[in-house]
Amino acid sequence: MSDRRIYVVLLGVPGAGKGTQAKLLEQSTGLPQISTGDIFRYNLKNQTELGKLAKSYMDRGDLVPDEVTIRMVQDRLQQPDCVRGAIMDGFPRNLVQATAFDTMTAPYGGVRVAPLIQVEDDETIRRITGRRSCRTCGAVYHVIYNPPKVEGICDVDGGELYQRDDDKEDTVRNRLFVYYKQTAPLIGYYYAKGLLREVDGAMSIEAVQQALLAIVVG
Ligand code: AP5
Ligand code: MG
Ligand code: ZN
């Protein structure tokens, strides 16, 4: 196929490190990170119609309706920076989205690979509760595991670091529940297609990145 693109689907529970790793993969491969969570948070901050619609779902830790999310990704993939493919972070997140993504990407060879970042639940809770995110660029830090050079300030662009609203304990618990019910079936879905690759997410950020790079470019 002449117009083959590289679509990487990062899988893993909330807090596994998808956003952290997607940003690093973006730097090393030049493929853009597409984080549906980041796009929703951007719209929330700017109080767009999309942001207002997404807010109640995100506050509860539920999925934003598929129709809205799928259309948003379709639009994003048409941007010029996506001509070589993309690193998908948080999409697809259920079987309806996965089949829609297959249809969208079919003309370009479909999904290349689906790495699963595996982390135990108690570790993901530790990671989420210590997380700080940049308001402007979405870069992710951790107060202990991955602190910024200057407290409260993003290393990349000097943006303000904040704690996400959906990182409250009740919401985190529902996000994990939604993950096991709706997103975990994607593991079997990509396994059956021969695209799943498991990565030990308990390793350091650098070690996980090396493992992912070997999978994506290897
Ligand atoms: P989203 O923003 O996607 O959140 P999530 O899936 O819950 O995942 P997280 O962002 O919490 O975790 P992550 O895996 O990215 O971990 P991170 O790298 O930050 O979604 C939010 C909401 O938006 C959803 O609930 C839903 O409402 C909506 N939404 C989004 N996509 C949707 C879709 N497709 N359909 C419908 N609704 C959608 O790392 C976590 C922490 O750990 C950080 O502090 C980091 O520094 C640290 N860390 C990372 N790796 C390591 C390591 N190896 N060692 C030590 N610490 C580490
Ligand atoms: Mg994330
Ligand atoms: Zn930043």
Side-chain angles (χ1 to χ4, degrees), residues 7-23 25-26 31-82 86-101 103-105 124 127-142 148 152-179 181-183 186:
Y7 293 107
V8 177
V9 173
L10 289 182
L11 297 172
V13 291
K18 300 179 298 295
T20 302
Q21 296 298 335
K23 275 246 175 315
L25 282 176
E26 178 179 73
L31 297 169
Q33 168 198 24
I34 298 185
S35 162
T36 40
D38 282 356
I39 302 175
F40 286 133
R41 278 184 288 279
Y42 175 85
N43 279 277
L44 221 94
K45 191 180 81 181
N46 292 294
Q47 300 189 350
T48 66
E49 286 306 310
L50 178 62
K52 285 177 200 158
L53 186 150
K55 184 177 177 2
S56 59
Y57 299 96
M58 294 179 81
D59 284 347
R60 288 195 300 272
D62 287 337
L63 297 187
V64 177
D66 289 334
E67 226 182 75
V68 175
T69 309
I70 290 167
R71 200 176 332 116
M72 181 176 91
V73 170
Q74 250 160 354
D75 289 348
R76 179 65 187 88
L77 285 175
Q78 275 156 25
Q79 302 298 310
D81 61 328
C82 297
I87 310 286
M88 306 305 296
D89 163 15
F91 181 96
R93 225 181 176 88
N94 60 26
L95 290 168
V96 172
Q97 294 182 10
T99 37
F101 192 57
T103 308
M104 277 180 234
T105 58
T124 71
R127 288 185 184 184
I128 287 178
T129 47
R131 169 168 52 200
R132 297 293 180 273
S133 309
C134 176
R135 259 193 215 288
T136 42
C137 79
V140 177
Y141 300 86
H142 190 281
I153 294 182
C154 176
D155 293 349
V156 183
D157 63 354
E160 179 204 354
L161 301 186
Y162 78 111
Q163 190 160 22
R164 274 167 47 179
D165 286 343
D166 63 346
D167 282 352
K168 295 187 300 269
E169 202 181 324
D170 277 2
T171 315
V172 170
R173 220 174 289 123
N174 190 48
R175 278 161 57 200
L176 287 171
F177 176 78
V178 169
Y179 172 82
K181 202 164 162 211
Q182 302 201 47
T183 311
L186 297 187

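Reckoned from all heavy atoms, side chains included, excluding hydrogens, waters and symmetry mates.
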| query | Is it true that atom NZ of Lys181 has more than 12 heavy atoms of other residues, nucleotides or ligands lying nearer than 6.0 Å? | reply |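 Check fails, neighbour count at 12 or below.
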
| query | Is it true that atom CZ of Phe177 has more than 12 heavy atoms of other residues, nucleotides or ligands lying nearer than 6.0 Å? | reply |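 No, because the 6.0 Å sphere around CZ of Phe177 holds 12 heavy atoms or fewer from other groups.
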
| said: Checking Glu49 now: which residues fulfil side-chain hydrogen bond (donor to acceptor under 3.5 Å, both in side chains) with it, not counting sequence neighbours? | reply: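 Partners of Glu49 by the side-chain hydrogen bond (donor to acceptor under 3.5 Å, both in side chains) criterion come out as none, since no residue qualifies.
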
Distance-only criterion, 3.5 Å: show the donor-acceptor pairs between side-chain atoms of residues 53-61 and protein atoms not counting sequence neighbours.
| unit_1 | atom_1 | unit_2 | atom_2 | d |
| --- | --- | --- | --- | --- |
| Lys55 | NZ | Asp59 | OD2 | 2.6 |
| Arg60 | NE | Asp62 | OD2 | 3.0 |

When you measure from the side chain of [X] to the backbone of [Y], do you find a donor-acceptor pair of N or O atoms at a distance under 3.5 Å?
X	Y	result
Asn174	Asp170	no
Arg93	Gln182	no
Lys18	Gly90	no
Tyr42	Gly138	no

| said: Among Gln79, Met72, Arg76, which residue satisfies the side-chain contact (heavy atoms from CB on, under 4.5 Å) criterion with Ile34? | reply: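 It is Arg76; the other options fail the test.
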
| task | Sequence neighbours left out, what passes ring pair (Phe, Tyr, Trp, His ring centres under 6.0 Å) with Phe101? Give chain and number order. | result |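 For Phe101, the residues satisfying ring pair (Phe, Tyr, Trp, His ring centres under 6.0 Å) (neighbours in sequence not counted) are Tyr7, Phe91.
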
| Under 4.0 Å between a Lys/Arg side-chain N and an Asp/Glu carboxylate O for Arg175 and Asp167? |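 Salt bridge: yes.
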
| field | SB check Arg164 Asp166 (cutoff 4.0 Å) | value |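 Salt bridge present between Arg164 and Asp166.
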
| Is Asn94 close to Leu63 at the side-chain level, that is, under 4.5 Å between some pair of heavy atoms? |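 Yes, at least one pair of side-chain atoms sits under 4.5 Å.
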
| task | Determine, step by step, whether Cys134 and Val156 satisfy the side chain to side chain contact (heavy atoms under 4.5 Å, CB included) criterion, reporting the C-alpha distance in whole Å, the side-chain angles of both residues, the deciding distance to 0.1 Å, and the verdict. | result | CA-CA 9 Å; Cys134 176; Val156 183; over 6 Å; no

